Amino acid sequence: MHADSLEVVGWQDGGVMMSSVPEEPRPMILRVMVSLEGSEPAIWRLLDLDASLTLDRVHEVLQVAVGWRDAHLHSFTDTDPYQRVRPVNGISPASRRWVSQDLLEDSDGALPERDFTIGAVLTPGSGPVFYEYDFGDSWTHRLDLIEALPAPAGAPRARLVDGARRAPLEDSGGIDGYHELLDALTDPGHDDHDDLTAWVAWTAGPWQDFAPDQLDADGVNTELTRLFTVSDTVGNTVGETDDQPGAERQPLVQDITDRLPAGMRREFRSYLNTADLDEPALVDAGFAEAMTAPYSWLIRRIGLDGLNLTAAGWLPPAVVHQAMVELGWAEHWPGRANREDQTLPILRLRKSAQRLRLIRRIKGRLVLGAAAKRLLEDPVGLWHFLAHALTNRTRHDAERDATVLLLIEIAVGIHADWDDCLDAVAFGLGALGWRTRAGTELEAGDVHGLLSESREALRSLGIHTGYGRTTSTVTPQGCTFVRAALHP
């Protein structure tokens, strides 16, 4: 026996009594079949799970692997919650139920899911474990242990081996309601076909078409890997690095992605991949000067000496008219274009410049902010400043999230109509947990208010070819600017 495997355990007859050090149990992988009960055709996943995963982490894995959005309560049991328990010799077998920490007080006899591992509750002799998600729709998943295997070195803590079909839509009425929904969608003559088609489009969201037969296995495994750190392989219980003290703030798009429910991140990343957001935002002086011309004109006209406003607090009529002519806007604007309160392009430009802190109003005068003074003759610097300021000069986090989601919509380019963009942004804000003060879901009107100032800035920059109720076509320069704004 090698000396390194011995330890001193005591003294006997003046000598040393030696004993073998107990070997550490080898990390194990559980191959688990997950079946959504009642689904036809079957919705199922074959997963490899680290046996040391606690049930709260298994919940996260199931949300990603099946494709749920973690919008409802859940629990684990060792008996089917909707199957009658048959007594044996007049005695009903005891069942166990594991719940999240916030449900413990209201669940008599329930056990904390974070204190039990999947390897402890799902064993060769235990029978299946059941995972119920959404106590209203009662999506019941049966977990059967197929085999337990020694974990190879570096094995991920969770991996999708195989599976079929996407998850049902949330809030579709349980498995029977989901089947009825699918029938109605495939029957144009169904009384509710049009209404249900619209409901599906809103519920599924703008990031991926609803396709009941599809399962993106590679995307699922990418998200399962992201649930754990690179070093967090089987046998290692390190937590997520984002929670570590001193972690750097995430880039804008990554921050939005990480705050989404885990089951939605795969489809969102797929949506992002169509936008080429990782391409560098390269800009030369001529390009920058053309885009920033309205802001450059305004800060140069104000100048280092400042500009007096009228007694009513407006830009002088001569300045308004001069701006409209020199910026080439007068020919497309009805009227004399010399009163700021009646000349929206100039009013929007001034308000946008104030919001982005290029200029300030002090005692009836407009004066330049520090950045504007520095960038008076630097169009490239001004371009980058505006790209950064668009998402960092917002009034509150909801406005910032809305602006980032709008920029993503512009970059992807699928929704050209402004109302469609508003719907897409409203969906994203809802997924991030934003609600009205009354607790209701955000509607297009709420989002329009959040985006009003960001939209004015984008208009002044000429991101789109048109300005009406529709957003029209995004210019190539606009796409470059959006990439810069999303990666400040």
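Along the sequence shown, residues carry numbers from 1. Note that this is a predicted model, so its numbers are computed, not measured.
- Judged purely by distance below 3.5 Å, without hydrogens or angles, the side chains of S52 and R157 pair a donor atom with an acceptor atom.
- Side-chain atoms of W297 and E326 include a donor-acceptor pair closer than 3.5 Å.
- For the residue pair G478 and I463, the shortest heavy atom distance occurs at CA-CD1, 3.7 Å.
- Using a 4.0 Å cut-off between charged side-chain N and carboxylate O, R259 and D401 make a salt bridge.
- Residues forming a ring pair (Phe, Tyr, Trp, His ring centres under 6.0 Å) with H193 (at least two apart in sequence, or on another chain): none.
- Between the side chain of T186 and the backbone N or O of L182 there is at least one donor-acceptor pair closer than 3.5 Å.
- S454 places no side-chain N or O within 3.5 Å of a backbone atom of L451 that could act as its donor or acceptor partner.
- With values rounded to the nearest 0.5 angstrom, I362 atom CD1 is found 11.5 Å from L309 atom CG.
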**OP:** Using the side-chain contact (heavy atoms from CB on, under 4.5 Å) rule, take Y271 and Q208 through it: C-alpha gap first, then chi angles, then the decisive distance, then the call.
**Re:** CA-CA 7 Å; Y271 191 64; Q208 188 176 62; over 6 Å; no

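- E453 and R355 are joined by a salt bridge, as a carboxylate oxygen and a charged side-chain nitrogen come within less than 4.0 angstrom of each other.
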**OP:** Assess whether side-chain contact (heavy atoms from CB on, under 4.5 Å) is satisfied between L160 and R45, documenting all intermediate values.
**Re:** CA-CA 7 Å; L160 175 64; R45 305 288 185 265; 3.8 Å; yes

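- Using modelled atom types, one finds no donor on one side chain facing an acceptor on the other under 3.5 Å when comparing R360 with Q354.
- Just one of T480, L386, L382, L461 meets the side-chain contact (heavy atoms from CB on, under 4.5 Å) condition when paired with M291; it is L461.
- Between W68 and H141, the side chains place a donor N or O and an acceptor N or O closer than 3.5 Å (distance only, hydrogens not considered).
- The backbone N or O of D70 sits less than 3.5 Å from a side-chain atom of Q63, completing a donor-acceptor pair.
- No hydrogens or angles considered: nothing links the side chains of H74 and Y131 as a donor-acceptor pair under 3.5 Å.
- For R265 (side chain) and D258 (main-chain N/O), a donor-acceptor pair under 3.5 Å exists by modelled atom type.
- Minimum interatomic distance between F76 and H59 (heavy atoms only, all atoms of both residues): CZ-N, 3.9 Å.
- Put simply, the side chain of E170 gets close to the backbone of R69: a donor and an acceptor are under 3.5 Å apart.
- No donor-acceptor distance shorter than 3.5 angstrom exists from the side chain of T203 to the backbone of V200, with no hydrogens or angles considered.
- The distance from atom NE2 of H384 to atom CG of L375, rounded to the nearest 0.5 Å, is 11.0 Å.
- Y133 and H72 have perpendicular rings, their planes meeting at more than 60° on a 0 to 90° scale where under 30° would count as parallel.
- Judged by a 6.0 Å distance limit and a 45° cone about the ring axis, R455 is positioned over the six-membered ring of W418.
- When atom types are taken as modelled, the side chain of N338 and the backbone of H321 share no donor-acceptor pair closer than 3.5 angstrom.
- Going from atom CG of L196 over to atom CG of L181 covers 5.5 Å, rounded to the nearest 0.5 Å.
- For R165 (side chain) and W44 (main-chain N/O), no donor-acceptor pair under 3.5 Å exists by modelled atom type.
- Residues Y295 and S460 approach most closely at OH-CB, 3.7 Å, considering heavy atoms.
- For R437, there are no salt bridge (charged side-chain N to carboxylate O under 4.0 Å, His left out) partners two or more places apart in sequence or in a different chain.
- Put simply, OG on S270 and CG on D218 are 11.5 Å apart, with the number rounded to the nearest 0.5 Å.
- Expressed to the nearest 0.5 Å, how far NZ of K351 lies from CD1 of I346 amounts to 13.5 Å.
- Closest heavy-atom contact between R31 and V161: NH2-CG2, 3.9 Å.
- In this structure a side-chain-to-backbone donor-acceptor pair under 3.5 Å is missing from T440 to T436.
- Side-chain N or O atoms of R435 include one that pairs as donor or acceptor with a backbone N or O of G430 at under 3.5 Å.
- Side-chain polar atoms of Q322 and R301 form a donor-acceptor pair below 3.5 angstrom.
- Aromatic ring centres of W207 and F427: separated by under 6.0 Å.
- Taking CG of L486 as the start and CD of Q254 as the end, the distance is 12.5 Å to the nearest 0.5 Å.
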